[in-house]
Structure formats: C-alpha cells, structure tokens
> 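So that we are looking at the same thing, I have put the structure below in structure tokens.
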Amino acid sequence: MDKRKEVLLSSLKDKEEEVRSTAAEALERYEIRQRLDVISKKIESGEMLEKIRAIYALSELRGQRVVELLSKALKDPSEDVKAAALRVLAGISDRNALPGIVELLKDSSQTVIRVAIDALSKYNDPRLLGYLMQTLKNTDAGIVERALEVIASIGDKKAEEAMMHFALNGNARMRKIALKALGEMEG
C-alpha cells in the first residue's frame with residue numbers, strides 16, 4: 001500500500017469527527033483517481049448513463065488526465081454526455097479545457113451551446129469575447145441572453161457596440177442585460 005493511502009486510512013480513526021469525515025472524502029477521491037483507466041473506458045464505450053456517472057465521478061478531481069478524459073467526452077455524440085462533461089469542466093475551470101469548450105459553441109444542440117456558455121462564464125477571460133460575440137447571432141433567445149450576461153460580466157469595451165444594439169433591439173431581458181452592461185462597462 002502506498003504512503004498516501006496509509007495516511008488516509010489511519011486518519012479514518014482520528015479522534016475528531018471532522019478529520020475522519022475529511023479523510024473519508026479524500027479516500028473516496030483517491031480511489032476514484034486510482035480507477036481512472038476504468039472510468040476512461042466507461043466514458044469511451046459505456047452506455048449513456050454509465051458515461052454520465054463516470055463523468056460526474058471526476059467532478060471532485062483535478063489534473064491533466066482528468067481534463068483530458070472530460071475533453072474526450074466533449075466529442076461524444078450524445079448531447080447529455082457533452083453537457084455533463086461541460087458542467088464538470090466548468091467546476092474544474094482548467095484553462096486546458098478551453099479549446100474544447102469553445103468548440104462546442106458551434107454545436108448543433110442548443111442545450112449544449114447554453115451549457116458551453118455557462119462553462120465559459122467561470123473563466124471571465126477577455127480572450128473569450130470574440131467566441132461569445134459569435135453566439136449573439138444565434139436564433140435562440142435564451143442562448144443570446146446567456147451570452148450577453150457572460151459578455152457583460154467580462155466588462156470589455158469591445159462589446160460596447162453589441163450591447164448598444166441589444167439595448168435598442170433585443171427583447172426585454174436582452175435590453176435589461178445590455179443596459180446594465182453599458183452602465184458598468186469600462187470607459
């Protein structure tokens with residue numbers, strides 16, 4: 001048994017309840033990490049629910065291998081699998097996942113696009129502005145509204161023209177988002 005697992009197991013007997021609880025959670029994550037090969041196979045070739053369970057099992061882990069597995073799941077034909085992978089990647093907020101997330105802004109599924117926009121909102125990165133601005137051309141009002149919110153949170157003056165457009169021409173929610181953004185945007 002490796003030393004890390006020994007420490008985790010011995011901490012399950014600690015006199016403090018909080019320490020025991022933390023040790024149990026850490027041991028669970030450790031064991032999930034030890035099964036990454038099995039999880040990888042489930043994500044690649046399992047049934048949809050198995051894939052989704054495997055993806056969510058990774059939600060408490062970090063690291064390059066985890067991001068690689070989740071990035072592969074972004075290419076799955078199932079919108080549910082892609083959406084699950086996007087949600088977990090959003091929680092991880094690892095910059096290495098950005099290319100895969102950005103790519104899904106062009107997905108055929110409106111649901112996947114919305115979840116991709118939500119995932120990008122965790123990064124608050126002005127370099128994402130151009131990709132998000134492209135989603136403002138989408139015919140789905142919900143996608144445009146969410147993209148406006150994320151663009152507004154970035155606060156970059158490069159979005160000023162788009163915000164003025166939606167402040168005058170959007171539905172009531174779009175106008176509200178755009179007006180608020182114009183008031184808060186850098187000068």
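Treat the numbers as computed from the prediction; the structure is a model and nothing was measured.
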> With the threshold set at 4.0 Å, does a side-chain nitrogen-carboxylate oxygen contact exist between Arg127 and Asp125?
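Looking at Asp125 together with Arg127, the answer is yes, because their closest N to O distance falls below 4.0 Å.
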> Treat each ILVMFWY residue as a node, draw an edge where side-chain heavy atoms are under 4.5 Å apart, and state whether Ile117 and Leu129 are in one component.
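Looking at the clustering, Leu129 is in the same group as Ile117.
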> Going by heavy atoms in the side chains, are Leu132 and Ile154 under 4.5 Å from each other?
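The answer is yes; the side chains approach within 4.5 Å.
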> A quick test of your reading: do over 12 heavy atoms of other residues, nucleotides or ligands sit less than 6.0 Å from CD of Gln110?
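Atom CD in Gln110 is crowded, with more than 12 foreign heavy atoms closer than 6.0 Å.
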> Check this for me: does any side-chain nitrogen of one of Lys122 and Asp94 sit under 4.0 Å from a carboxylate oxygen of the other?
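Not counted as a salt bridge, because no side-chain N and carboxylate O are separated by less than 4.0 Å.
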> Are Met48 and Leu70 connected in the hydrophobic side-chain network, where two residues link if heavy atoms are under 4.5 Å apart?
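Met48 and Leu70: one cluster.
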> Check Tyr123 against Ile101 and note the closest heavy-atom contact, atom names and distance.
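Closest heavy-atom pair between Tyr123 and Ile101: OH-CD1, 3.9 Å.
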> Are more than 12 heavy atoms, taken from residues, nucleotides or ligands other than Tyr131, located less than 6.0 Å from that residue's OH atom?
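No - once you tally the heavy atoms of other residues, nucleotides and ligands closer than 6.0 Å, there are 12 at most.
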> Please step through side-chain contact (heavy atoms from CB on, under 4.5 Å) for the pair Leu86 and Asp118, ending with a clear verdict.
CA-CA 9 Å; Leu86 283 165; Asp118 284 341; over 6 Å; no
> Can any side-chain N or O of Arg175 pair as donor or acceptor with the backbone N or O of Gly170 at less than 3.5 Å?
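Between the backbone of Gly170 and the side chain of Arg175 there is a qualifying donor-acceptor contact (under 3.5 Å).
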> Should Lys157 and Glu186 be marked as a salt bridge (charged side-chain N to carboxylate O under 4.0 Å, His left out) after you check the CA-CA gap, both sets of side-chain angles, and the distance that decides it?
CA-CA 6 Å; Lys157 187 169 172 55; Glu186 66 182 44; over 6 Å; no
> Is there side-chain contact between Glu161 and His165, with at least one heavy-atom pair below 4.5 Å?
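No - every pair of side-chain heavy atoms lies 4.5 Å or more apart.
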> Can you check whether Leu98 reaches Leu128 side chain to side chain, under 4.5 Å on heavy atoms?
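Yes - at least one pair of side-chain heavy atoms lies under 4.5 Å apart.
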> For Gly155 versus Met185, what's the shortest heavy-atom pair and its separation?
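Nearest pair, atom of Gly155 first, then Met185: O-CG, 3.7 Å.
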> Can you find a heavy atom in the side chain of Ser11 that is under 4.5 Å from one in the side chain of Val7?
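Ser11 vs Val7: side chains touch.
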> Any heavy-atom pair between the side chains of Glu31 and Lys5 that's under 4.5 Å?
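In contact.
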> Please list all pairs passing the side-chain hydrogen bond (donor to acceptor under 3.5 Å, both in side chains) test where one or both residues lie in residues 43-52, with sequence neighbours left out.
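The answer is Ser40-Glu44, Lys51-Asp76.
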> Please report the interatomic distance CG(Leu148) to CD1(Ile177), rounded to the nearest 0.5 Å.
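Result: 5.5 Å between the selected atoms.
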> What pairs with Arg62 under salt bridge (Lys or Arg N to Asp or Glu O under 4.0 Å), at least two apart in sequence or on another chain?
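Arg62: no salt bridge (Lys or Arg N to Asp or Glu O under 4.0 Å) contacts found.
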> Strictly distance-based, threshold 3.5 Å: is any side-chain N or O of Arg146 a donor or acceptor partner for the main-chain N or O of Arg114?
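Between the backbone of Arg114 and the side chain of Arg146 there is no qualifying donor-acceptor contact (under 3.5 Å).
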> Does a side-chain heavy-atom distance below 4.5 Å link Met163 with Leu179?
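No; the side chains remain at least 4.5 Å from each other.
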> Run the numbers on Leu12 and Leu8 for side-chain contact (heavy atoms from CB on, under 4.5 Å), then give the verdict.
CA-CA 7 Å; Leu12 292 173; Leu8 293 171; over 6 Å; no
> Indicate yes or no: does Lys72 engage Glu68 in a salt bridge with an N to O separation below 4.0 Å.
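Result for this pair is no, no salt bridge flagged.
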> Could you tell me whether Lys3 and Glu6 make a salt bridge, using a distance below 4.0 angstrom between a side-chain N and a carboxylate O?
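Here Lys3 does not pair with Glu6 in a salt bridge, since their nearest N and O are not under 4.0 Å apart.
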> Measure across Ile92 and Leu61 and return the closest heavy-atom pair with its distance rounded to 0.1 Å.
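Looks like CD1-O, 3.7 Å.
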> Might you point out which heavy atoms bring Leu69 and Ile43 nearest each other, and give the distance in Å?
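Heavy atoms only, the tightest pair is O-CG2, 4.3 Å.
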> Does a salt bridge link Arg173 with Glu149, judged by any charged N lying under 4.0 Å from a carboxylate O?
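Yes.
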> Just how far is it from atom CD1 of Ile113 to atom CD1 of Ile143, taken to the nearest 0.5 Å?
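Between Ile113 CD1 and Ile143 CD1, I get 4.5 Å after rounding to 0.5 Å.
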> Donor-acceptor check, side chain of Ser21 to backbone of Glu17, threshold 3.5 angstrom: yes or no?
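Here the side-chain-to-backbone pair does not exist.
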> Rounded to the nearest 0.5 Å, what separation is found between the CZ atom of Arg20 and the CG atom of Leu27?
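It comes to 14.5 Å.
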> Mind checking whether Val38 and Val81 sit in one hydrophobic cluster, side chains of I, L, V, M, F, W, Y counted as touching below 4.5 Å?
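Different clusters: Val38 never reaches Val81 through Ile, Leu, Val, Met, Phe, Trp or Tyr contacts under 4.5 Å.
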> Do Asn171 and Glu145 have a side chain donor and acceptor closer than 3.5 Å?
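The answer is yes; a qualifying pair exists.
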> Can Val112 and Leu105 be said to form a side-chain contact (heavy atoms from CB on, under 4.5 Å), step by step?
CA-CA 8 Å; Val112 170; Leu105 292 174; over 6 Å; no
> With rounding to the nearest 0.5 angstrom, report the NZ to CG distance, Lys82 to Leu104.
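Answer rounded to 0.5 Å: 6.0 Å.
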> Nearest 0.5 Å, what's the CG-CZ distance between Leu89 and Arg87?
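It comes to 12.0 Å.
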> Can you find a pair of side-chain heavy atoms, one from Ile39 and one from Ile32, that are under 4.5 Å apart?
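The answer is yes; the side chains approach within 4.5 Å.
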> Taking all non-hydrogen atoms of both residues, which atom of Ala90 and which atom of Ala119 are closest, and how far apart?
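Where Ala90 meets Ala119 most closely, the heavy atoms are CB-CA, 3.6 Å.
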> Do you reckon Tyr56 sits in the same ILVMFWY cluster as Val115, going by side-chain contacts under 4.5 Å, direct or chained?
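Same cluster.
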> If you look at every heavy atom in Asp140 and Gly142, which pair is closest and at what distance?
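Here Asp140 and Gly142 meet closest at OD1-N, 2.8 Å.
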> Are Leu168 and Val144 connected in the hydrophobic side-chain network, where two residues link if heavy atoms are under 4.5 Å apart?
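Leu168 and Val144: separate clusters.
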> What do the steps show when you test Glu103 against Leu74 for side-chain contact (heavy atoms from CB on, under 4.5 Å), and what is the final call?
CA-CA 9 Å; Glu103 186 62 33; Leu74 294 177; over 6 Å; no
> Does the side chain of Leu58 come within less than 4.5 Å of Leu36's, by heavy atoms?
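The answer is yes; the side chains approach within 4.5 Å.
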